[in-house]
Asks: 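Pasting in a structure now, in C-alpha cells, and then I'll have a few things to ask.
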Amino acid sequence: MSQFRRFFGEIILVFALFCAAGIGAIHAKPTPDGLPVIAITEIPKQAQETISLIKVGGPYPYKRDGVVFSNREKMLPKEKRGYYNEYTVKTPGAKNRGARRIVTGKEGQFYYSDDHYASFKRVLEK
C-alpha cells in the first residue's frame with residue numbers, strides 16, 4: 001500500500017508541474033482560430049485603458065474609434081462585414097494615431113495589434 005501511495009504522490013507531483021508550466025505560457029498558447037493569446041495584464045497600459053473605454057461606450061479620443069474593421073488583411077477569423085470594430089491605442093510620442101489598435105468582435109472578443117494589423121493577439125481578461 002505504501003508503494004501505491006508513493007507512486008500516486010509522484011503522479012500528482014508531475015501533474016502539478018505540468019499545470020504550473022502552462023500558467024506562465026498563456027501568451028504562447030493559440031486560440032482555436034490559431035491566434036496567439038495574451039493576458040490583459042501583458043498588453044500596454046494604454047491598450048488596457050482603451051478596452052476600459054470600449055466597455056463603457058466611450059468617449060473615445062480619436063474620431064475613427066469605433067468604425068467597422070473590414071479585416072482586409074485576413075488576420076482575424078472570417079466574419080461578415082460589420083462584425084469587427086477598431087479603436088486606436090494611444091502611442092506615447094506618436095504625432096498621429098500610431099500603429100497600435102484594439103479590434104473588437106461582436107461576441108465580446110478583444111484583439112490587440114501593435115503593428116497596424118500585421119499581426120494580432122487575442123486578449124484574455126482572466
Side-chain angles (χ1 to χ4, degrees):
M1 186 70 157
S2 67
Q3 282 184 326
F4 175 76
R5 283 186 185 168
R6 182 174 166 203
F7 176 74
F8 188 71
E10 290 173 357
I11 295 290
I12 297 287
L13 178 62
V14 169
F15 179 74
L17 290 172
F18 274 113
C19 290
I23 290 171
I26 190 168
H27 59 282
K29 211 190 269 184
T31 60
D33 52 31
L35 291 171
V37 298
I38 189 167
I40 194 167
T41 56
E42 294 180 22
I43 61 176
K45 182 182 85 162
Q46 297 88 355
Q48 293 176 36
E49 291 167 356
T50 300
I51 289 175
S52 293
L53 279 178
I54 293 166
K55 288 180 175 184
V56 298
Y60 305 109
Y62 297 92
K63 187 176 182 177
R64 298 212 22 95
D65 285 348
V67 299
V68 170
F69 176 72
S70 60
N71 196 25
R72 283 189 296 266
E73 298 81 1
K74 298 182 179 18
M75 299 298 295
L76 296 178
K78 185 176 177 164
E79 296 289 348
K80 291 183 180 182
R81 180 162 171 72
Y83 185 86
Y84 297 111
N85 295 88
E86 69 172 274
Y87 301 85
T88 306
V89 174
K90 289 183 182 178
T91 303
K95 295 184 187 213
N96 57 19
R97 290 173 63 207
R100 303 188 306 178
R101 300 286 187 277
I102 293 290
V103 173
T104 61
K106 293 286 186 215
E107 295 178 17
Q109 313 94 309
F110 292 102
Y111 302 95
Y112 175 66
S113 175
D114 60 4
D115 52 15
H116 203 257
Y117 319 122
S119 67
F120 283 95
K121 293 179 183 170
R122 173 86 181 260
V123 179
L124 297 182
E125 297 186 75
K126 297 175 184 176

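Each residue takes its place number in the sequence, starting with 1. Since the model is a prediction, treat every value here as computed from it, not as a measurement. All heavy atoms count here, side chains included; hydrogens, waters and symmetry mates do not.
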Asks: Do Val67 and Leu76 share a hydrophobic cluster, counting only Ile, Leu, Val, Met, Phe, Trp and Tyr and linking them when any side-chain heavy atoms are less than 4.5 Å apart?
Replies: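 Per the 4.5 Å side-chain linkage, Val67 and Leu76 are not co-clustered.
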Asks: Looking at His116, is its backbone amide N or carbonyl O close enough to the side chain of Arg100 to form a donor-acceptor pair, meaning the two atoms are under 3.5 Å apart?
Replies: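 Here the side-chain-to-backbone pair does not exist.
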Asks: State whether the side chain of Gln48 and the backbone N or O of Ile43 hold a donor-acceptor pair below 3.5 Å, judged by distance alone.
Replies: yes
Asks: May I ask you to check whether Ser113 and Arg101 show a side-chain donor-acceptor distance below 3.5 Å?
Replies: no
Asks: Counting distance only, does the side-chain N/O of Lys106 pair as donor-acceptor with the main-chain N or O of Gly82 below 3.5 Å?
Replies: yes
Asks: Which atom names give the shortest non-hydrogen contact between Val68 and Glu86, and what distance separates them?
Replies: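 For Val68 versus Glu86, the nearest heavy atoms are O-OE2, 4.4 Å.
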Asks: If we ignore hydrogens and angles and just use 3.5 Å, is the side chain of Asp65 paired with the main-chain N or O of Thr88 as donor and acceptor?
Replies: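 Yes: the side chain of Asp65 pairs with the backbone of Thr88.
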Asks: Work out which heavy atom in Leu53 is nearest to a heavy atom in Pro61; give both atom names and the distance.
Replies: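 That closest heavy-atom pairing would be CD1-CD, 4.0 Å.
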Asks: So if you build clusters from Ile, Leu, Val, Met, Phe, Trp, Tyr with side-chain heavy-atom gaps below 4.5 Å, do Ile38 and Ile51 land together?
Replies: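 Linked, Ile38 and Ile51 end up in one cluster.
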Asks: Output all residues satisfying salt bridge (charged side-chain N to carboxylate O under 4.0 Å, His left out) with Glu125, sequence neighbours left out; order by chain, then residue number.
Replies: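 Counting only residues at least two positions away or on another chain, Glu125 forms a salt bridge (charged side-chain N to carboxylate O under 4.0 Å, His left out) with Lys55.
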Asks: Ring centroids only, cut at 6.0 angstrom: are Phe120 and Tyr112 within range, meaning strictly under it?
Replies: no
Asks: State, to 0.1 Å, how close Asn71 and Met75 come at their nearest heavy-atom pair, and which atoms those are.
Replies: OD1-N, 3.3 Å
Asks: Is it the case that the ring center of Tyr117 lies less than 6.0 angstrom away from the ring center of Phe69?
Replies: yes
